[in-house]
Novice: 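Handing you this structure, nothing more for now.
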Amino acid sequence: MTLLAGWVETLIKGKDAAQLLKRHIAQAPSYTTAGVSIQHSEFSALAAAEHALHEEQGVLLLNAGNTELSVPASDIIRSYKKSGASFLESKSVEQAVVIIDPALKTLILATDPIGLTSLYYAETDKGLVFGTTADSIIHHPEVKSDISAQSVYDYVYFHHCPSPNTIYQQVKKLEGGQALIYQDGKIQLKYYWQPDFQETMPRSAAEMGEELQQKLISSVKTLSVGEDSTGAFLSGGLDSSSIAGALSKVYPNKAKTFSMGFPVDGYDEIEYANVAVAQFKTRQHEYYLTPEDTVKAIPSIAAYYDEPFGNSSALAAYYCAKVAKENGISVILGGDGGDEIFAGNERYAQQIVFGYYQQVPKFVSASMEGFLNHMPESLAKQKLFFKAKRYIDQANTPLPDRLQDYNFLHRHAGNEVFQEDFLAQIDTAQPLNILRETYNRPEQASSLNRMLFTDWKSTLHDNDLVKVNKMCEMAGVTVRYPLLSKEIIDLSCQIPTADKLESKALRKFYKQAMQGFLPEKILNKPKHGFGLPFGIWLKDYQPLKELAYDSINSLKKRAYFKEEFLDNAVKMHQSIHAAYYGELIWILMMLELWFQGKENS
């Protein structure tokens with residue numbers, strides 16, 4: 001991702017603006033600064049890649065994405081001149097864009113529909129600072145880097161800092177399909193794009209499946225940059241295998257694929273990756289991640305993110321991208337998004353099971369609940385009755401709240417985890433309110449489609465895309481996402497709920513569409529997350545244990561967590577709960593290492 005940093009109407013102008021941007025460029029990762037130039041005027045200052053800038057009729061258009069504009073720049077500018085910010089609703093642009101109009105003293109920031117690119121901003125006393133990183137925002141003297149206590153809490157809840165907020169009190173970030181309009185010193189935020197979910201398939205399932213295959217191959221071809229410089233992540237799952245297969249159609253017998261293995265039982269999927277390699281005759285590259293790799297890279301990875309980031313698979317993404325870079329790859333294709341647009345996550349199917357209870361006649365459910373709520377304690381502890389009550393309690397919890405039932409902060413009281421003064425600053429309802437607002441935003445959608453839409457924000461834009469974007473950037477390669485093209489997203493919205501997910505059959509339509517294209521072994525493989533065996537390594541590898549536990553000890557010096565909670569987390573990890581508490585140790589460690597990295601930079 002090429003660096004983008006700028007501002008409008010702040011107190012820093014002219015030569016001072018140019019000098020500030022030069023210092024920022026000098027401090028930024030070298031991979032992000034190639035071809036970056038500086039422009040400044042009385043209204044604005046900007047550092048951006050020259051090839052991404054287009055100026056016409058006194059309006060400056062900047063492509064903030066990492067692919068070519070899907071609509072000609074001149075068409076976008078003309079549409080803006082005619083319709084103002086509402087042009088976004090008629091011109092479907094697949095990239096994040098920035099428009100600067102000095103004559104009207106207007107700035108527009110707009111993300112793409114999903115939010116493949118992050119756009120950060122901060123209001124100042126006199127203007128607005130913006131960029132593709134939070135680091136670029138706080139580099140401006142008029143933006144404070146005070147930490148948001150709420151975002152620290154939200155990080156523990158989500159393992160990332162959810163939009164629209166950031167780890168910094170003054171800095172915000174846009175969601176997917178959202179625009180910021182700054183004019184005459186005032187800010188307006190609006191969602192310019194919403195999915196149009198359909199419940200009637202416009203053509204037969206076979207025709208739609210064929211169309212999906214064609215669109216996928218077309219998307220891969222569009223995003224590729226030549227057989228020598230393009231590669232694909234390959235985990236052996238449905239999505240990465242689909243991308244690898246499409247790349248093999250574009251470059252027969254010459255497609256390059258990259259896989260990450262773990263020398264730990266239950267975590268390694270190289271077997272499935274090699275099934276795809278054999279099917280598509282790709283030029284395969286493999287790397288087995290070790291505990292030594294983890295210790296070597298963790299501090300740098302934690303510090304590279306703009307905000308605390310607790311997804312442990314970032315480590316695997318970094319090493320896989322690093323191997324790709326070492327093998328001459330400049331653009332790597334990721335399979336992210338398939339589960340979220342075609343219903344591939346287990347939690348979607350689980351909600352169907354809970355939905356059955358809502359169909360039980362009210363007099364029956366009331367009787368059952370009355371009995372279970374007032375039974376003797378000796379009966380309540382029996383497995384059958386305990387499970388029955390647990391099921392009913394979950395079924396009676398509305399979506400999307402039910403999806404967070406197992407969240408650590410719903411299982412442990414806040415006053416057990418956090419210091420009293422810290423907790424007094426926190427709205428503990430905010431994480432669920434963020435999810436509820438997104439879940440309820442579509443005007444008409446089934447509960448499944450609402451869950452998918454919520455995951456476009458919380459799982460893709462705020463989490464997985466941040467993970468892969470930053471790790472590829474750190475390794476020095478550009479990542480692109482063929483399954484998240486606007487055409488494929490629109491096609492997914494035309495697939496009725498029952499065809500996406502039937503009972504417990506995840507991704508029903510997608511698997512039917514890929515029959516004959518993907519190997520049967522991959523189509524029928526059980527769902528397997530791309531997790532890291534951190535909890536296991538942490539117990540067995542002393543240097544990793546020292547790094548993690550030292551980080552948690554350092555975290556005690558910050559005014560967030562209770563010392564006894566941190567001590568208990570370590571104690572529980574050392575007991576029989578290594579996997580469960582290993583994840584908690586990871587997110588706490590990454591939080592402290594992020595603080596240390598930013599303090600030392």
Side-chain angles (χ1 to χ4, degrees), residues 1 4 6 8 43-44 46 48 52-121 123 128-132 163-164 172-197 222 337 341 437-438 441-445 453 456-457 460-462 465 481 484-493:
M1 184 66 67
L4 161 64
V8 293
F43 176 67
S44 65
L46 182 69
L53 295 169
H54 309 271
E55 190 164 7
E56 190 174 310
Q57 302 182 56
V59 173
L60 184 66
L61 169 69
L62 170 65
N63 175 5
N66 68 7
T67 60
E68 295 297 317
L69 287 171
S70 56
V71 177
S74 57
D75 288 359
I76 296 174
I77 292 173
R78 281 196 297 269
S79 185
Y80 159 73
K81 294 287 283 187
K82 179 181 178 181
S83 307
S86 61
F87 85 92
L88 290 162
E89 296 161 23
S90 57
K91 283 289 180 188
S92 183
V93 182
E94 293 194 47
Q95 294 75 29
V97 294
V98 176
I99 289 178
I100 299 175
D101 186 346
L104 296 180
K105 292 191 174 183
T106 296
L107 166 74
I108 297 174
L109 309 177
T111 53
D112 56 88
I114 292 291
L116 304 176
T117 301
S118 295
L119 287 178
Y120 295 83
Y121 67 95
E123 291 185 73
L128 186 126
V129 183
F130 60 92
T132 47
S163 54
K172 305 293 182 185
K173 57 180 177 272
L174 294 180
E175 301 175 32
Q178 190 175 31
L180 177 151
I181 301 99
Y182 172 94
Q183 190 167 32
D184 296 327
K186 296 179 181 178
I187 287 177
Q188 176 192 357
L189 291 169
K190 70 173 185 177
Y191 297 105
Y192 71 86
W193 180 84
Q194 294 284 339
D196 181 18
F197 292 113
T222 299
I341 62 175
E437 190 281 326
T438 309
R441 197 183 306 156
E443 291 184 8
Q444 291 187 337
F453 181 70
W456 295 358
K457 176 195 179 298
L460 290 177
H461 173 61
D462 286 346
L465 299 181
Y481 305 98
L484 293 175
S485 73
K486 183 67 164 48
E487 280 197 339
I488 292 179
I489 293 169
D490 288 344
L491 184 147
S492 77
C493 293

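Just so it is clear, the values below take in all heavy atoms, side chains as well, and ignore hydrogens, waters and symmetry mates.
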Novice: For residues Leu465 and Ile114, determine if any side-chain heavy atom of one lies less than 4.5 Å from a side-chain heavy atom of the other.
Specialist: yes
Novice: What is the distance from atom CD of Gln178 to atom NZ of Lys173, rounded to the nearest 0.5 Å?
Specialist: 11.5 Å
Novice: Under a 4.5 Å cut-off applied to non-hydrogen side-chain atoms, are Ile181 and Ile187 in contact?
Specialist: no
Novice: Is it true that Thr67 and Gln95 share a donor-acceptor pair across their side chains at a distance under 3.5 Å?
Specialist: yes
Novice: Can you find a pair of side-chain heavy atoms, one from Trp456 and one from Ile489, that are under 4.5 Å apart?
Specialist: yes
Novice: Check Gly176 against Tyr191 and note the closest heavy-atom contact, atom names and distance.
Specialist: O-CD2, 4.5 Å
Novice: When you look at Tyr120 and Lys172, which way does the side chain to side chain contact (heavy atoms under 4.5 Å, CB included) test go after all the steps?
Specialist: CA-CA 6 Å; Tyr120 295 83; Lys172 305 293 182 185; over 6 Å; no
Novice: Is the shortest heavy-atom distance from the side chain of Leu174 to the side chain of Leu189 under 4.5 Å?
Specialist: yes
Novice: Taking side chain to side chain donor-acceptor pair (under 3.5 Å) as the cut-off, I'd like each qualifying pair that reaches into residues 106-115, sequence neighbours left out, listed once.
Specialist: Thr106-Gln183
Novice: Is there side-chain contact between Asp196 and Cys493, with at least one heavy-atom pair below 4.5 Å?
Specialist: no
Novice: Could you state the interatomic distance from CG (Leu119) to OG1 (Thr132), rounded to the nearest 0.5 Å?
Specialist: 7.5 Å
Novice: In terms of side-chain geometry, is the basic nitrogen of Asp184 or Lys105 positioned less than 4.0 Å from the acidic oxygen of its partner?
Specialist: no
Novice: Tell me whether the NZ or CZ atom of Arg441 lies within the 45° cone about the ring axis of Phe453 and under 6.0 Å from its centre.
Specialist: no
Novice: Kindly determine whether Leu491 and Ile341 satisfy side chain to side chain contact (heavy atoms under 4.5 Å, CB included), including the steps that lead there.
Specialist: CA-CA 9 Å; Leu491 184 147; Ile341 62 175; over 6 Å; no
Novice: Between Leu180, Ile108, Leu4, which is the residue that forms a side-chain contact (heavy atoms from CB on, under 4.5 Å) with Val98?
Specialist: Leu4
Novice: Take atom CD in Gln57; do more than 12 heavy atoms of anything else shown fall under 6.0 Å from it?
Specialist: yes
Novice: Locate the shortest heavy-atom distance separating Ile100 from Pro102; write the atom from each residue and the value.
Specialist: O-CD, 3.5 Å
Novice: CD of Glu175 to OG1 of Thr438: how many Å apart, nearest 0.5 Å?
Specialist: 5.5 Å
Novice: Nearest 0.5 Å please: distance from the OG atom of Ser44 over to the CZ atom of Phe130.
Specialist: 7.0 Å
Novice: Answer whether the closest heavy-atom distance between the side chains of Ile99 and Leu107 falls below 4.5 Å.
Specialist: no
Novice: Quick one, Val129 and Tyr121 - any side-chain contact, counting heavy atoms below 4.5 Å?
Specialist: no
Novice: In Å, rounded to the nearest 0.5 Å, how long is the span from CG of Leu61 to CG of Asp101?
Specialist: 11.5 Å
Novice: Please confirm whether the backbone N or O of Val93 pairs with a side-chain atom of Ser70, one donor and one acceptor, at under 3.5 Å?
Specialist: no
Novice: Thinking salt bridges, do Glu123 and Lys186 make one under a 4.0 Å N-O criterion?
Specialist: no
Novice: Go through the structure and list residues passing side-chain contact (heavy atoms from CB on, under 4.5 Å) with Pro113, not counting sequence neighbours.
Specialist: Tyr192, Trp193, Lys486
Novice: Could you please spell out the steps behind the side chain to side chain contact (heavy atoms under 4.5 Å, CB included) verdict for Leu53 and Leu46?
Specialist: CA-CA 11 Å; Leu53 295 169; Leu46 182 69; 3.8 Å; yes
Novice: Would a 4.5 Å heavy-atom cut-off, applied to side chains only, mark Leu60 and His54 as touching?
Specialist: no
Novice: Flag the pair Lys190 and Glu89 as a salt bridge only when some basic side-chain nitrogen lies within less than 4.0 angstrom of an acidic carboxylate oxygen.
Specialist: yes
Novice: Using the test side-chain contact (heavy atoms from CB on, under 4.5 Å), find all partners of Ala445 that sit at least two apart in sequence or belong to another chain.
Specialist: Phe197, Pro442, Asn449, Arg450
Novice: Return yes if some donor-acceptor pair links the side-chain N/O of Ser83 with the main-chain N/O of Ser86 below 3.5 Å, else return no.
Specialist: no
Novice: Applying side chain to side chain contact (heavy atoms under 4.5 Å, CB included) to Asn66 and Thr117, what does each step give before you reach the verdict?
Specialist: CA-CA 8 Å; Asn66 68 7; Thr117 301; 5.9 Å; no
Novice: Report the distance from atom NZ of Lys82 to atom OG of Ser90, rounding to the nearest 0.5 Å.
Specialist: 8.5 Å
